[in-house]
Amino acid sequence: MAKKQKEFRPKARVPRGFRDRLGEELIAEKAMLERITDVYASYGFDPLETPAFEYTDALGKFLPDVDRPNQGVFSLQDDDEQWMSLRYDLTAPLARFVAENFDGLAKPFRRYAVGRVWRNEKPGPGRFREFTQCDADSVGAPAPHADTEIAMMFADAVEAAGVPRGDYVIRISDRKLMNGLLDVAGLSGEEQAEQRLVTLRAMDKLDRLGEEGVRQLLGEGRKDESGDFTDGAKLSGDQADIVMAFMAATKGSNEETVSALKDIIGASEAGQAGIADMASMAETLSALGYDEKRVLLDMSIVRGLEYYTGPVFEADLTFEVADEKGRPVRFGSVGGGGRYDDLVKRFKGQEVPAVGCSVGVSRLLSALQAREGAMPKATGPVIVTVFDKARMADYQLMAAELRSAGIRAEVYLGGSNFGKQMKYADKRDAPVAIIQGEDERANGEIQLKDLVLGAKLSKEIEDNKAWREDQPAQFSVPREKLVEAVREVLARH
RNA sequence: GCCGGCUUAGCUCAGUUGGUUAGAGCGCUUGAUUGUGGAUCAAGAGGUCCCUGGUUCGAACCCAGGAGCUGGUACCA
């Protein structure tokens with residue numbers, strides 16, 4: 001490299017599907033997480049934290065193969081050649097933890113967890129490759145009572161997160177009901193595995209595609225708006241009728257839904273078991289005051305296909321919001337959960353029943369934000385302006401006094417003149433600026449500028465000169481009254 | 001993954017039927033105001049016109065490939 005090369009400048013950019021977050025959003029999310037985990041804790045769940053990485057085989061089905069080691073998950077090979085992956089949810093790590101520490105844990109083991117998870121897939125609106133989940137799970141408790149508790153707590157958590165009652169609904173179905181349906185529809189044979197999958201996926205799309213779209217997917221297939229064709233399940237007309245009737249068993253009342261289900265899939269053994277669990281859950285929930293407005297049996301809920309073995313839940317927002325271009329946005333699911341009796345078995349060989357729920361915090365937060373418009377700006381710190389750098393200690397002392405009184409405060413440490421310092425305070429959303437120049441110091445005083453009031457008054461500003469001379473939002477107080485005066489101004493707004 | 005649209009200043013976008021110095025609004029910087037943010041006025045900075053290759057005397061514009069964004073769809077533990 002004798003020749004001088006053009007200096008390499010990396011492009012400053014965030015990776016696809018990831019994002020930077022700051023200020024108000026983080027503060028709001030932290031508060032939301034705290035409210036949710038308070039609910040979990042109040043039900044007797046304890047916190048657990050597990051690492052971001054797990055050995056890939058512990059995580060489950062995504063064993064990296066030579067061709068696509070990162071399909072769905074982010075994976076890398078440790079220096080001992082073992083594959084590790086970033087966790088894609090908090091449930092698989094829980095199963096690993098329980099299996100690893102099984103003998104020492106009180107069963108049922110009840111834990112909640114907050115953590116980031118990563119998925120290596122196409123990002124979309126409101127879908128990122130890194131996001132935060134907030135889960136609670138009971139391990140070692142069989143259906144249906146633990147499931148009922150989770151459903152109830154799930155509703156409480158969504159409400160605590162800030163969704164008013166009536167603006168969400170927890171929809172519940174049961175994997176056993178679906179097995180019953182597949183029995184009755186004659187789809188339980190070995191060779192029909194593929195058809196079963198396609199059928200369940202089609203059912204999951206009822207809310208989005210409507211009856212007509214789902215019927216197409218149950219039959220030959222469906223062409224979407226972009227002209228892309230999706231292969232269908234190729235069911236016969238009779239089979240499709242049964243599936244549609246199953247979903248139509250979803251009534252406004254859980255009791256009616258249960259009774260309608262008996263007619264459709266009561267003939268199947270698996271179906272009966274599912275119906276019994278649903279009936280028990282619905283009855284208990286209703287006795288506890290969780291009626292259909294909060295918890296609704298809904299036969300179109302499918303959720304992930306891999307590990308659920310019993311009841312499955314989904315939390316849906318029922319209000320509509322518009323995006324910044326005025327188009328309606330469907331937020332849909334902001335969390336889910338269900339029963340997974342076989343997850344720990346993968347490690348232990350021994351069946352360990354488990355059930356849990358998960359709130360997608362970032363999604364929920366952006367939904368609430370979209371509805372309520374921009375979040376109220378967080379108030380910035382009090383800014384102590386600097387006139388004379390030689391007297392920095394005086395300014396720092398003022399800030400220190402404010403801090404020990406519990407008020408956020410910072411001394412301006414940039415290099416700019418006084419006008420710029422005011423601009424800085426403005427941009428930081430500071431409520432108050434503290435000013436002490438030569439004159440104030442000589443009198444043992446400081447000036448307080450009420451920036452919030454000033455902003456309000458400035459709406460009527462016409463003559464900048466008069467404005468500057470009057471300084472209506474500014475007043476002097478004795479130096480020793482600093483904290484008291486700031487408190488007073490803060491209390492105004 | 002598949003199908004479409006888009007990519008020009010920090011942001012929102014105009015423009016060029018292929019021709020010399022590529023524009024606006026907002027924002028930013030500086031000044032009018034050596035000690036006062038938000039109004040007003042003035043000046044200024046800021047662009048590999050997404051990347052690579054091709055066609056052409058000449059490409060930001062046309063063509064091909066790629067990337068990113070976006071909408072739909074598929075998958076989603």
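Residue numbers begin at 1 in each chain, while the letters A, B, ... track the order of the sequences.
- For the pair A:I446 CD1 and B:U36 P, the computed distance is 19 Å after rounding to whole Å.
- For B:A14 and B:C57, the P atoms lie 33 Å apart once the distance is rounded to whole Å.
- In this entry the distance linking OH of A:Y424 with P of B:U36 reads 20 Å, nearest Å.
- Here, B:C49 and B:G53 have their P atoms 14 Å apart, quoted to the whole Å.
- In this model, the phosphate group of B:A77 is not approached by any side-chain N or O of A:R87 to a distance below 4.0 Å at OP1 or OP2.
- Among the atoms of the strands shown, only primed sugar atoms or phosphate atoms (P, OP1, OP2) are found under 4.0 Å from some heavy atom of A:R16.
- Rounding to whole angstrom units, CZ of residue A:F387 and C1' of B:G35 are separated by 4 Å.
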Set out, in order, the CA-CA distance, both residues' side-chain angles and the distance that settles salt bridge (Lys or Arg N to Asp or Glu O under 4.0 Å) for A:R441 and A:D394, then state yes or no.
CA-CA 10 Å; A:R441 181 172 155 78; A:D394 292 348; 3.2 Å; yes
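- Checked against B:U73, B:G35, B:U36, the side chain of A:M422 finds its nearest nucleotide in B:U36.
- Crowding of A:E351 atom CD: a count of heavy atoms from other residues, nucleotides or ligands under 6.0 Å exceeding 12.
- Within a 6.0 Å radius of CD in A:E480, other residues, nucleotides and ligands contribute more than 12 heavy atoms.
- Side-chain N or O atoms of A:Q421 include one that pairs as donor or acceptor with a backbone N or O of A:V386 at under 3.5 Å.
- For the P atom pair drawn from B:C41 and B:C26, the interatomic distance equals 9 Å after rounding to whole Å.
- A:Q436 has its CD atom 13 Å from the C1' atom of B:G35, to the nearest Å.
- The 12-atom threshold is not exceeded at CZ of A:R116, counting heavy atoms of other residues, nucleotides or ligands nearer than 6.0 Å.
- Distances from the side chain of A:R222 to the nucleotides B:A77, B:G37, B:U73 place B:U73 closest.
- Atom NZ of A:K481 has 12 or fewer neighbouring heavy atoms from other residues, nucleotides or ligands inside a 6.0 Å radius.
- Straight-line distance between the C1' atoms of B:G68 and B:C50: roughly 7 Å, to the nearest whole Å.
- A residue-by-residue look at A:G17 and A:I435 shows that A:I435 has its nearest nucleotide of RNA chain B further toward the 5' end.
- Using C1' as the reference atom, B:G23 and B:U30 are 23 Å apart when rounded to the nearest Å.
- Judged by distance alone with a 3.5 Å cut-off, no donor-acceptor contact links the side chain of A:K456 to the base of B:G37.
- The side chain of A:T230 lies closest to B:U73, out of B:U36, B:U73, B:C76.
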Please report the C-alpha distance between A:E401 and A:R479 in whole Å, then the side-chain angles of each, then the deciding distance to 0.1 Å, and finally whether the salt bridge (Lys or Arg N to Asp or Glu O under 4.0 Å) criterion is met.
CA-CA 11 Å; A:E401 280 175 28; A:R479 166 66 182 84; 3.0 Å; yes
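- Atom pair A:K223:NZ and B:C2:C1' shows a separation of 13 Å (rounding to whole Å applied).
- At distances below 3.5 Å, not a single donor-acceptor pair connects side-chain atoms of A:N443 with backbone N or O atoms of A:E445.
- B:A77 has its base stacked against the ring of A:Y88, the centroids being under 5.5 angstrom apart at an interplanar angle below 30°.
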Could you walk me through whether A:V477 and A:L482 satisfy the side chain to side chain contact (heavy atoms under 4.5 Å, CB included) test, starting with their C-alpha distance in whole Å, then the side-chain angles of each, then the deciding distance to 0.1 Å, before giving a yes or no?
CA-CA 7 Å; A:V477 296; A:L482 167 69; 6.0 Å; no
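- B:C61 and B:G18: their C1' atoms are spaced 6 Å apart (whole Å).
- Both cation-pi conditions hold for A:R19 and A:F128: the charged atom is under 6.0 angstrom from the six-membered ring centre and inside a 45 degree cone around its axis.
- Residue A:L451 contributes atom CG, which lies 15 Å from atom P of B:U36 at whole-angstrom precision.
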Between protein and nucleic acid, restricted to nucleotides 25-29 of chain B and to nitrogen or oxygen atoms under 3.5 Å apart, what atom pairs and distances do you find?
none

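- Looking at A:V359, A:D137, A:V114 one by one, the single match for side-chain contact (heavy atoms from CB on, under 4.5 Å) with A:Y40 turns out to be A:V359.
- Separating the P atom of B:A74 from that of B:C3 is a span of 15 Å, rounded to the nearest Å.
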Dot-bracket summary - RNA chain B, pairs being Watson-Crick or G-U whose distances fall under 3.5 Å, with | when paired to another strand:
(((((((..((((.....[...)))).(((((.......))))).....(((((..]....))))))))))))....
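- With rounding to whole Å, A:L200 atom CG is found 15 Å from B:A74 atom P.
- At the phosphate of B:U73, neither OP1 nor OP2 sits under 4.0 Å from any side-chain N or O atom of A:R201.
- Phosphate contact (OP1/OP2 of B:A74, side-chain N/O of A:K205, threshold under 4.0 Å): present.
- Comparing B:U73, B:A77, B:G35 by their closest approach to the side chain of A:Y308 singles out B:A77.
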Audit row: A:L413, A:M392, side chain to side chain contact (heavy atoms under 4.5 Å, CB included) steps and yes/no:
CA-CA 9 Å; A:L413 295 176; A:M392 202 50 109; 4.0 Å; yes
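- With B:G35, B:A77, B:U36 as the choices, the nucleotide that has an atom nearest any side-chain atom of A:R119 turns out to be B:A77.
- Here A:E440 lies in heavy-atom contact (under 4.0 Å) with a base.
- Taking atom C1' in both B:G65 and B:A22, one finds a spacing of 27 Å when rounded to whole Å.
- Judged by distance alone with a 3.5 Å cut-off, no donor-acceptor contact links the side chain of A:Q421 to the base of B:U36.
- Between the P atom of B:C76 and the CG atom of A:L90 lies a distance of 20 Å, rounded to the nearest Å.
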